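Before any comments, here is the structure.
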Amino acid sequence: MGRGRVQLKRIENKINRQVTFSKRRSGLLKKAHEISVLCDAEVALIVFSNKGKLFEYSTDSCMESILERYERYSYAERQLLSNDQETNVSWTLEHAKLKARMEVLQRNQKHFMGEDLDSLSLKELQNLEQQLDSALKHIRSRKNQLMYESISELQKKVKEKEKEIAQQAQWEQQNNGGVDSSAGLLPVQQPLQSLNIGVSYQERGDGEDEGNETQNRDNPLLPPWMLGHLYE
């Protein structure tokens, strides 16, 4: 039968406890040496017996350098934790300040809207009224300024448009000056008189021809085919 599992508790017998300490200490020092060789690690081991006797082991580096390195890393870690705690405390205080400020702003906004006025005293109401009057003056001043700028811009555009219209009218008057507007009708009507459309003059009687010729002379702008239709 194999050896049973040892229960981890303090050995009451002093002799057995001393024997177990010696065996486990040797095994622990051996394991420390093995891990330093196999894993190329810096290992420092310190053991005090129940009587206060010191047993230690360190790798090729001396024990002092390993302990100094440990203290340096331990101090840096403590500083980092301390900074994190201070940062957390700072953020907590900042959050509380911002929250209180937001509550004040929300309460003031309600007061400006005319809400929750029961908790205000007479002096606070007077101050609130003065603030609202001052705000209204600024608002009206800005509104009047924008209206004046808008009207000035519209007047400027109207003047520019009137100037363009006047220039265009002057240009048209210069280009059309001294030309008879009725002169342009002759070139349009003369080709129509040469067209042999409708009833000719030979197909009608002599009396009709004389009347048509007389009417044609009276109406020089009408083509013959239109005169023929008028006297049918």
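From a predicted model like this one, the values you see are computed outputs, not experimental measurements.
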Legend entry - Backbone N/O of Lys123 and side chain of Asn127: donor-acceptor pair under 3.5 Å: yes
Legend entry - Under 3.5 Å donor-acceptor, His111 side chain and Asp116 backbone: yes
Inset, instruction - Determine yes or no for a side-chain-to-main-chain donor-acceptor pair under 3.5 angstrom, with Ser141 supplying the side chain and Lys137 the backbone. - result: no
Legend entry - Atom CG of Leu98: over 12 foreign heavy atoms under 6.0 Å: yes
Legend entry - Side-chain cluster (under 4.5 Å, hydrophobic types only) that Leu136 belongs to, other residues: none
Legend entry - salt_bridge(Glu103, Arg101) N-O dist < 4.0 Å: no
Inset, instruction - Could you check if a side-chain atom of Ile66 sits within less than 4.5 angstrom of a side-chain atom of Thr59, using non-hydrogen atoms only? - result: yes
Legend entry - Sidechain-backbone polar pair: Ser49 side chain, Lys53 backbone, donor-acceptor under 3.5 Å: yes
Legend entry - Short N-O contact, Arg69 and Glu42, less than 4.0 angstrom: yes
Legend entry - Neighbour count above 12 (heavy atom, 6.0 Å) for Arg72 CZ: yes
Inset, instruction - With sequence neighbours left out, write down each residue that passes salt bridge (Lys or Arg N to Asp or Glu O under 4.0 Å) with Glu160, or none if nothing qualifies. - result: none
Legend entry - Side chain to side chain, Phe112 and Gln131, heavy atoms closer than 4.5 Å: yes
